[in-house]
Amino acid sequence: MGRQNGVTATDGRWRRLVTPVVVLSVLALAGCAQDGGSDAPPAVASDSVVLSPSRGGLQGGNLVLVDTGGETDGPVTVRFGETEVECEFDDRSARHACVAPARGTPGTVEVSFAAGGSDVGEKTAYTYTTQGTQDIPVLTVNTETVRRNAEEIRADFPRGVQLGAVLENGEPVDVFGKVIEDAADVDYLFVPKLDDAIALREAGVEAKIAVLYVAQVEDIPLLMHYDVEVAATDPAWVEAAEQVLSTTGGTLKVHLWVDTGMGREGVVPEEALPLARAIEDAPHLDLAGIATHFSTITEGDAAAIESNDETSTTVAQKNRFDGAVAAIRDAGLGKDALVHAGTSDVLDEEIEPLYYDLLRIEDMFFGADAPEDRVYSWTTELSQVKTLPAGWCIDYGCTDPIKEPKKVGLVNHIPSRENELTYTVGGQQVPVLLDHGTVLTLDLSGVPEAAAGDEVVIDFSADTFHMLDATAPLPVTTTGG
């Protein structure tokens, strides 16, 4: 349970926040000064520096209590990275109360302390995370693996084909985008929503950016401001977009999506030409791309395409797409539009007839062959360890009581996921006996030496989809630069 504390922020507003009681970060402290205006020597610290909590969101503004371990109740200056804040002593908690400053990107910053004009104590760390539920383990993203993957993709990428990176795997999209752009010199970045595109631009991404799915007409001024391309979905959308654009000026680049058998974004092939005509007739729209998405790529598709085997789902989709593109170009439209359809699986299987002008690459940026290179990982700790007697119930209903005594460990606050997770204690993967999200019970039979407080490493299973679920409200930070 947390305790509520109040502190007056720099904007004058009283903030009421919940601060965890559990100590999250402990480092040695050499000393701490008394009142900043006093000539008295710094007090000698008897304990250690504690930040509670030791992490928080990028937006800053949350209360951080600093336990210096000393006897001073005077103000302390705390530097979070390059930003200094003044921290007054809070009588209720017997700690110095600081308001964490904001930061632009997730990651860990060095925290140092000063009192009476002198540095005091050991430096410690504070971790900035993206938005999410802050009482669950922080998801750490290894950007060095992403960078290395991007470099390898670019080195082996087909000549004459543009590289588009698809970022649909959630936070931190701005960090991912900048790392991939720098490492792979991508031609395009594709994102699912406008907010992601804005985050990329504000992070300094200069590559072309396109929103994959439908954009709200009222967002068109933002699309123009941030130079973001978007999907054109139907003639009615085109007409409404043109009305807005007539007041903003400039030209909005759009991609015409053809649904060739996926049942997702785009018009059916017969409607592609009328949509292209509507775009051509709109003075403030430019047809930048013609695209589709294949549903069922297999290793036999290259041979099926060569023989035009129409029983192949991929061949059927390709023929529909090629027919729609030909109809558009035969009408004198879209001569300069990029044609793109293939994704990571097309490149992986080397199906060259599906390369077209651009390949949209997604999961290849985030894969890892070795556990130490994993992109996503959590760490937490065993909150309790105990041995259950034979015949003990596991979960509601008592459908499968244990047959013999079993050592178990409890882990708290792991969000429910569609992705399979693996749990490792003491270097050994352990089974999950019960998963209620807020409390998990792990089978520690194979780790007899495990104790409360031991580290638990949580990973996405290498045998299942390894991408992060972008819908999960996870706090995310980065490592690897």
Side-chain angles (χ1 to χ4, degrees), residues 1-3 18-27 48 50-55 125 127 129 132-142 368 370-372 374-466 468-469 472-477 479:
M1 177 178 294
R3 72 162 81 90
V18 175
T19 304
V21 176
V22 178
V23 170
L24 296 176
S25 177
V26 179
L27 291 174
S48 57
V50 176
L51 297 183
S52 181
S54 63
R55 62 180 169 99
T127 299
T129 69
T133 304
Q134 294 291 328
D135 62 348
I136 63 177
V138 174
L139 183 73
T140 300
V141 175
N142 182 356
E372 61 270 20
R374 62 188 181 270
V375 174
Y376 301 114
S377 62
W378 279 312
T379 56
T380 186
E381 63 183 32
L382 294 171
S383 61
Q384 183 183 0
V385 172
K386 58 186 175 183
T387 299
L388 304 179
W392 216 250
C393 297
I394 302 292
D395 210 347
Y396 294 115
C398 200
T399 56
D400 190 20
I402 58 175
K403 296 180 173 56
E404 56 187 24
K406 186 180 294 290
K407 185 173 184 177
V408 300
L410 273 60
V411 173
N412 297 326
H413 301 295
I414 303 300
S416 298
R417 311 193 54 75
E418 294 180 1
N419 309 71
E420 182 182 348
L421 298 175
T422 61
Y423 297 82
T424 302
V425 178
Q428 180 170 324
Q429 185 174 324
V430 298
V432 177
L433 295 177
L434 178 151
D435 182 355
H436 283 174
T438 54
V439 178
L440 276 76
T441 302
L442 304 178
D443 183 349
L444 300 180
S445 301
V447 196
E449 69 281 7
D454 284 358
E455 183 179 77
V456 181
V457 179
I458 309 169
D459 287 308
F460 296 92
S461 171
D463 300 325
T464 58
F465 189 54
H466 59 255
L468 173 64
D469 178 3
L474 304 175
V476 179
T477 193
T479 184

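What you see below is based on every heavy atom in this structure, not just the backbone, and it leaves out hydrogens, waters and symmetry mates. The structure presented is a predicted model; accordingly, all values stated were derived computationally and were not measured.
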Report the distance from atom [atom1] of [X] to atom [atom2] of [Y], rounding to the nearest 0.5 Å.
| X | Y | atom1 | atom2 | answer |
| --- | --- | --- | --- | --- |
| Ile414 | Leu421 | CD1 | CG | 8.0 Å |
| Trp378 | His413 | CH2 | NE2 | 13.5 Å |
| Gln429 | Leu442 | CD | CG | 11.0 Å |
| Thr441 | Lys386 | OG1 | NZ | 7.0 Å |
| Lys406 | Leu444 | NZ | CG | 10.0 Å |
| Tyr376 | Asp459 | OH | CG | 13.0 Å |

(message) Restricting to side chain to side chain contact (heavy atoms under 4.5 Å, CB included), what partner residues turn up for Asn142, sequence neighbours left out?
(response) Glu144, Thr145, Thr479
(request) Using side chain to side chain contact (heavy atoms under 4.5 Å, CB included) as the criterion, list what pairs up with Pro405, not counting sequence neighbours. (result)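 In terms of side chain to side chain contact (heavy atoms under 4.5 Å, CB included), with neighbours along the sequence ignored, Pro405 is linked to Thr387, Ala390.
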(request) Check whether any side-chain N or O of Ser383 sits under 3.5 Å from a backbone N or O of Leu410 as a donor-acceptor pair, and report yes or no. (result)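 Side chain of Ser383 to backbone of Leu410, a donor-acceptor pair under 3.5 Å: yes, one is there.
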Please examine the side chains of [Y] and [X], heavy atoms only from C-beta on, and report whether any two atoms are closer than 4.5 Å.
| X | Y | answer |
| --- | --- | --- |
| Thr424 | Val430 | no |
| Leu388 | Ile394 | yes |
| Asn412 | Val439 | yes |
| Val447 | Lys407 | no |

(request) Test Thr422 against Ile458 for side chain to side chain contact (heavy atoms under 4.5 Å, CB included), laying out the working first. (result) CA-CA 6 Å; Thr422 61; Ile458 309 169; over 6 Å; no
(message) How close do Ala451 and Val385 get, counting heavy atoms only, and between which atoms?
(response)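 Between these two residues, the closest heavy atoms are C-CG2, 3.6 Å.
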(request) Specify the closest pair of heavy atoms between Ala450 and Asp454, including all atoms of both residues, with the distance to one decimal. (result) CA-OD2, 3.4 Å
(message) Counting neighbours of CD on Glu449 that are heavy atoms of other residues, nucleotides or ligands and sit closer than 6.0 Å, is the number greater than 12?
(response)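 More than 12 heavy atoms, drawn from other residues, nucleotides or ligands, come within 6.0 Å of this atom.
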